[in-house]
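Some notes on the structure that comes next.
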Amino acid sequence: MAEVPVNWCPALGTVLANEEVTSDGRSERGNHPVYKRPLNQWMLRITAYAERLAEDLELVDWPEPIKLMQRNWIGRSEGAMIEFALAPKRTGHLSDQSSDQAQQNVIPVFTTRPDTVFGATYMVLAPEHPLVDQVTTDQQRDAVSEYVRLAASRSDTERQIDSRQKTGVPTGGDAINPATGEHIPIWIADYVMMGYGTGAIMAVPGHDRRDFEFAKQFGLPIIEVVKPHGAPTPGDSSDQAFTGEGVGINSANNEVSLNGLPTREAKKTITQWLESKGRGQPKVQYKLRDWLFSRQRYWGEPFPILHAADGRIVALDESELPVELPEMNDFTPHTSDDPDASPRPPLSRAPDTWKYVERDGGRFERELNTMPQWAGSCWYYLRFCDPHNDERFVDPTVERYWMGERGIDLYVGGAEHAVLHLLYARFWHKVLYDLGHVSTPEPFGHLFNQGYIQAYAYTDERGIHVDSEKVIEQDGGYFFEGRAVSRSLGKMGKSLKNAVSPDDICEQYGCDTLRLYEMYMGPLQASKPWNPRDIIGLHRFLQRVWRLAVDEHNGNPAVRDEADPAVESQLHRTIARIEQDIERQAFNTAIAALIEFINLATTAGGLTLDQFQRFALALAPFAPHIAEELWCKLGHKESLAYEPWPAFDQAMLTENFIELPVQLGGKVRAKLTIPADASVKQIEAAALADAKVTSLLKGKTVRKVVVVPGKIVNIVAD
RNA sequence: GCCGGAGUGGCGGAAUUGGCAGACGCGCCGGACUCAAAAUCCGGUGGAGGUGAUACUCCGUGUGGGUUCGACUCCCACCUCCGGCACCA
């Protein structure tokens with residue numbers, strides 16, 4: 001538990017994790033403004049697993065973009081921690097300070113480019129940095145306080161929006177560059193974040209874009225200490241910083257020189273030297289922050305924690321678990337528009353019988369915050385393996401059976417969970433793995449990302465989204481409550497107010513049709529627009545199936561006695577196609593195969609009982625209800641769910657004769673019907689003998705004949 | 001700005017390994033059935049030219065180049081859209 005700056009969302013009445021706040025400073029759910037403010041909250045130390053969370057991505061079969069998003073979020077960077085000593089204040093009285101503070105007269109910074117330390121011409125502290133007060137001189141105190149006050153009043157979002165123009169003020173204090181021994185000024189500026197590294201930087205304007213902009217703005221010295229490989233001379237006073245790797249220049253003192261060293265070696269050399277002087281050491285830094293784990297919500301797992309009157313925090317005994325939520329009439333969160341409203345967890349209104357616990361003669365108050373929704377999703381997949389076990393959350397044998405060698409075989413989920421659920425669950429799983437409760441280091445062996453469903457969204461003249469269900473189209477424009485709105489395509493959901501309830505479609509067409517439509521829209525991994533107009537096609541398909549199978553007048557099965565050979569072989573082909581398509585998660589083409597088959601069967605005059613049974617089994621994964629109904633109509637008492645997948649005969653898939661296109665110079669000019677097993681020589685002879693081909697080749701010389709059996713013939717002639 | 005993904009008919013999409021671009025569905029057009037409509041069934045449907053109709057010809061997978069007998073598919077450069085991150089030192 002720690003008092004830390006957290007993301008407070010008054011409109012939701014709760015605090016949120018970093019991962020739940022969008023880059024424009026709003027809540028991921030609901031799109032409400034989020035404010036930073038210090039609060040005492042529970043945190044989970046996910047940072048302790050940063051290294052393994054990044055590294056173990058190599059163990060899993062996941063889409064590369066998702067792995068990349070996690071790696072970026074974890075943000076591992078290698079560099080060095082370097083200590084800059086504070087110089088005695090020019091006008092100050094260092095002796096005034098207590099020895100305690102004097103010992104802390106050093107500012108540690110993290111840098112990925114320790115090799116540029118000779119070019120560090122100033123330092124910058126974040127406005128919130130604890131040393132700001134100490135380094136500031138009396139002359140600068142007013143300016144600094146004013147800047148700090150201003151920075152605090154601006155939200156992160158504002159800080160980002162104004163980021164083009166750098167701002168800052170000098171503190172008047174100096175630090176000593178450990179490499180050059182020179183005094184360099186210490187500034188404060190909000191382009192340095194308190195939340196990353198140490199909240200302070202060494203500024204190397206010659207080789208960092210941001211430092212360069214800042215130095216230009218405030219006329220600070222720029223020294224070049226790295227030149228690009230192969231560059232003849234140290235650069236002129238260039239108009240931008242060289243941030244790449246190169247060769248060290250202007251970088252030597254009496255003990256160490258980086259001149260002539262390539263960046264990689266220079267880093268190593270200078271870090272070793274700094275370490276020998278007790279001024280630094282190698283360091284791996286992560287962007288990942290600890291996970292804010294408290295919410296001011298009713299619906300969340302209560303913490304098994306008690307607070308004593310004297311402030312002590314004690315955990316409940318295992319025998320007292322689980323803590324169940326109290327019955328409450330009003331469990332709504334306390335929401336507000338006021339950024340300064342204080343969080344009031346709904347459980348603060350719980351009955352005293354729940355809220356207070358007597359123990360050893362003392363009265364304890366239960367923790368009133370609850371866990372976020374992610375707590376459940378971090379381990380539900382384990383519980384699903386063994387849901388009725390009342391001894392353990394999952395039996396080890398059962399866990400090994402289901403979670404196998406590398407976790408869940410196929411986990412389907414959207415990319416929006418990349419740095420939320422998929423990161424959190426991996427973290428918990430690793431903790432459980434370390435504690436010996438699960439057998440694999442990773443929970444999800446194979447991840448498949450389905451695409452987003454997109455839908456039209458509408459914004460009014462203020463750019464605010466309006467309920468798309470209430471938008472009407474008129475004279476080629478779109479209107480909401482009489483006002484013109486503009487249309488765009490976006491991810492369907494609450495934030496764009498363009499969600500469509502599937503209930504209406506179920507109502508109108510049935511859920512088999514809905515299911516078919518969703519699968520038929522396109523590839524599972526692709527984002528695709530929701531277009532209700534297309535639904536009718538799938539509904540027609542199911543109706544055609546039913547009409548073909550059942551006599552409309554008496555409701556009896558309508559089957560023929562003799563199988564049509566063309567239909568029979570097409571059925572084998574269809575089953576084979578569906579098998580392959582399911583294997584590669586191409587449900588859209590599998591359904592196309594089913595439709596093609598039914599179209600053929602309709603034209604051919606129906607199916608036999610046996611054919612219909614096989615068809616029903618092939619249809620079942622896509623339209624389970626109607627397939628069951630069909631199965632029943634065909635005379636079965638038991639569900640088809642227990643039937644094996646219909647077999648197909650490989651021999652039925654191969655044809656005796658095939659049609660082979662013949663190209664002349666890459667353009668199809670003729671078609672050949674030849675035995676499927678014809679040799680290359682035979683195909684070539686047949687192609688050259690074709691009447692159309694010979695007429696087109698008249699007066700030309702054949703240069704080359706390319707024959708790809710079963711595919712194509714291409715004749716090159718001039 | 002950086003990192004990812006994607007651009008194919010009027011629309012959603014197909015083309016499994018470099019081998020007939022546009023499967024299948026929607027929409028649209030025409031026909032059958034009907035007093036009529038709906039539903040259903042049958043046929044047509046990338047564009048341009050061409051024909052009495054059939055033939056047939058040219059163009060065509062975001063743009064420009066390249067590799068190849070052959071490119072939606074591979075390579076280079078660019079454009080547009082979507083997603084993520086964004087002063088991370």
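Numbered from 1 within each chain, the chains take letters A, B, ... in sequence-line order.
Using Watson-Crick or G-U wobble geometry with both donor-acceptor distances under 3.5 Å, B:A23 finds no partner in any strand shown. Applying the Watson-Crick and G-U wobble criteria (two distances, each under 3.5 Å), B:U34 pairs with nothing in any strand. Base pairing of B:G43: its partner is B:C29, meeting the Watson-Crick or G-U wobble criterion (both donor-acceptor distances under 3.5 Å).
Among the nucleotides B:C20, B:G4, B:A89, the one closest to the side chain of A:V192 is B:A89. For A:I536, taking side-chain heavy atoms from C-beta onward, the closest of the listed nucleotides B:G25, B:A89, B:G27 is B:G27. If you check B:C24, B:C26, B:C85 against the side chain of A:D534, the one that comes closest is B:C26. For A:Y520, whose side chain is taken as the heavy atoms from C-beta onward, the closest listed nucleotide among B:A21, B:G25, B:A89 is B:G25. The A:P529 side chain lies nearest to B:G13 when the options are B:A15, B:G19, B:G13.
A:K667 comes within 4.0 angstrom of sugar-phosphate atoms only, judged by non-hydrogen atoms across all strands, and of no base. Within the 4.0 angstrom heavy-atom criterion, only backbone atoms of the sugar-phosphate kind lie near A:K528; the bases stay farther away. The residue A:D211 sits apart from the nucleic acid: no heavy atom pair falls under 4.0 Å. As judged by a 4.0 angstrom heavy-atom cut-off over every strand, A:V668 is placed among residues touching the sugar-phosphate backbone only. A:Q663 comes within 4.0 angstrom of a base, heavy atoms only. Counting non-hydrogen atoms under 4.0 angstrom, A:R669 reaches the backbone sugars and phosphates but no base. At the heavy-atom level, A:V716 lies under 4.0 Å from the strands shown only through sugar-phosphate atoms. Residue A:E64 is out of contact with every strand shown, counting any heavy-atom pair closer than 4.0 Å.
In this structure, the CD1 atom of A:I674 is 15 Å from the P atom of B:C20, given to the nearest Å.
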Detail all sub-3.5 Å separations between protein N/O atoms and N/O atoms belonging to nucleotides 39-42 of chain B.
unit_1, atom_1, unit_2, atom_2, d
B:U40, O3', A:R547, NH2, 3.2
B:C41, OP1, A:R544, NE, 3.4

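By the 30° and 60° cut-offs, the orientation of the rings of A:W291 relative to A:Y424 is parallel.
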